Amino acid sequence: MVESITSQRFHEFPGVDGWRVISTGAATYFPTGSFAKGVELVTRIGELADAANHHPDVDLRYPGVQVRLQTHEVKEQGWMLSERDAALAAQITDAAHALGIEPDPSRVQALQIAIDALDIAKLRPFWAVVLGYELVGDEDVTDPAAFGPNVWFQQMDAPRPQRNRIHVDLYVPADVAPQRVEAALAAGGSVVRDNGPNWWTLADPEGNEVDVAPWPDGFSGW
């Protein structure tokens, strides 16, 4: 059985100076300076991950690579890290060093959207279907592919008109947008502005809004 470790224990592990534990796991950013160097690093990370049978989330962009580690076996127990994460983090850092790349943990962050709500149970289904997320626990909706930010709902005791209202812009493929709108309406949403097929402004049962906007063919920019 894999045992969990604390963030302090992770940070004490040899070779992980360039990593930081945040809400989504242990992460760092490697500024590669080029896409080719990033591919080279990702290839090496893949080899290390397969050898350890422990696979991180890797985000490759033109200027750098972000890596996030967590252990799913211990996440189910209420935490996210094990010594497997620390060991692989140290190996990844060594591989980056060999390529002349130093980690930059100051670039690490995790974004969560928080919605204050009077009736959380009534709002969550709307946000789950309009974002294409899944209901998790009693207070969250989460992207099953782990690309988008987590959405968390916080209980309000009384209405706060004109405060803590949010508006989210959601861009989806053109053939997906109508189904998202229909699902959101069936989950308790309402249409604020119908500018279809260009976009629809929807509101959840407490008035928080989301624009569902397909990206039209032939569109070159706003």
Side-chain angles (χ1 to χ4, degrees), residues 1-114 124 127-128 131-153:
M1 179 178 176
V2 180
E3 294 186 1
S4 64
I5 61 173
T6 64
S7 56
Q8 179 179 351
R9 171 61 186 132
F10 177 91
H11 288 136
E12 292 171 347
F13 204 93
V16 300
D17 293 346
W19 294 70
R20 299 293 184 271
V21 177
I22 53 176
S23 62
T24 52
T28 196
Y29 178 83
F30 294 102
T32 59
S34 72
F35 195 78
K37 182 61 72 71
V39 170
E40 192 174 1
L41 176 59
V42 170
T43 299
R44 183 61 182 134
I45 291 172
E47 294 169 350
L48 292 170
D50 283 343
N53 192 27
H54 190 50
H55 300 92
D57 293 332
V58 181
D59 187 345
L60 167 64
R61 303 296 176 102
Y62 170 74
V65 175
Q66 181 168 279
V67 187
R68 183 185 67 179
L69 284 159
Q70 58 179 271
T71 301
H72 295 287
E73 296 96 318
V74 297
K75 186 176 181 181
E76 295 173 357
Q77 303 166 23
W79 190 228
M80 67 183 81
L81 296 175
S82 73
E83 290 195 358
R84 297 179 67 193
D85 299 304
L88 185 55
Q91 292 177 336
I92 291 172
T93 300
D94 286 343
H97 284 162
L99 296 173
I101 304 168
E102 297 298 323
D104 180 6
S106 70
R107 303 287 298 274
V108 169
Q109 65 180 27
L111 174 66
Q112 175 173 269
I113 297 172
R124 283 206 315 148
W127 287 99
L131 295 175
Y133 278 21
E134 295 178 345
L135 297 170
V136 176
D138 297 324
E139 298 177 342
D140 297 83
V141 296
T142 300
D143 182 358
F147 289 120
N150 188 70
V151 180
W152 171 66
F153 296 82

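Small disclaimer: the values here were computed from a predicted structure and weren't measured.
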Item to complete: With side-chain contact (heavy atoms from CB on, under 4.5 Å) as the test, would you mind laying out the steps for Ile22 and Arg68 before giving the verdict?
Response: CA-CA 10 Å; Ile22 53 176; Arg68 183 185 67 179; over 6 Å; no
Worksheet item: Which side-chain hydrogen bond (donor to acceptor under 3.5 Å, both in side chains) pairs, counting each pair once, include a residue from residues 16-30, with sequence neighbours left out?
Response: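 For residues 16-30, and leaving out neighbouring residues, the side-chain hydrogen bond (donor to acceptor under 3.5 Å, both in side chains) pairs sorted by first residue read Trp19-Thr93.
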Apply side-chain hydrogen bond (donor to acceptor under 3.5 Å, both in side chains) to [X] and list each qualifying residue two or more places apart in sequence or on a separate chain.
{"X": "Thr43", "result": "none"}
{"X": "Arg107", "result": "none"}
{"X": "Asp94", "result": "none"}

Discussion item. Can you pull out every salt bridge (charged side-chain N to carboxylate O under 4.0 Å, His left out) where at least one residue sits in residues 133-144? Sequence neighbours excluded, please.
Written reply: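 Passing the test, one end in residues 133-144: no pairs.
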Worksheet entry | Sidechain N-carboxylate O distance under 4.0 Å for Arg9, Glu3 |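 No.
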Fill in: Side-chain touch Arg61/Thr32, heavy atoms, less than 4.5 angstrom
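Heavy-atom side-chain distance check fails, nothing below 4.5 Å.
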Worksheet item: So, do Arg84 and Leu69 sit near enough that their side-chain heavy atoms are less than 4.5 Å apart?
Response: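 Not touching, per the 4.5 Å side-chain cut-off.
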Worksheet item: In terms of heavy-atom contacts, does CD of Gln8 have more than 12 from other residues, nucleotides or ligands at under 6.0 Å?
Response: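 Open: at most 12 neighbouring heavy atoms sit under 6.0 Å from CD of Gln8.
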Worksheet item: Is there a donor-acceptor pair closer than 3.5 Å between any side-chain N or O of Lys37 and the backbone N or O of Gly100?
Response: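 No, because the side chain of Lys37 does not come within donor-acceptor range (under 3.5 Å) of the backbone of Gly100.
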Side-chain donor-acceptor pairs of residues 44-51 under 3.5 Å, sequence neighbours excluded:
from, atom 1, to, atom 2, distance (Å)
Arg44, NH1, Glu47, OE1, 3.1
Asp50, OD1, His55, NE2, 2.9

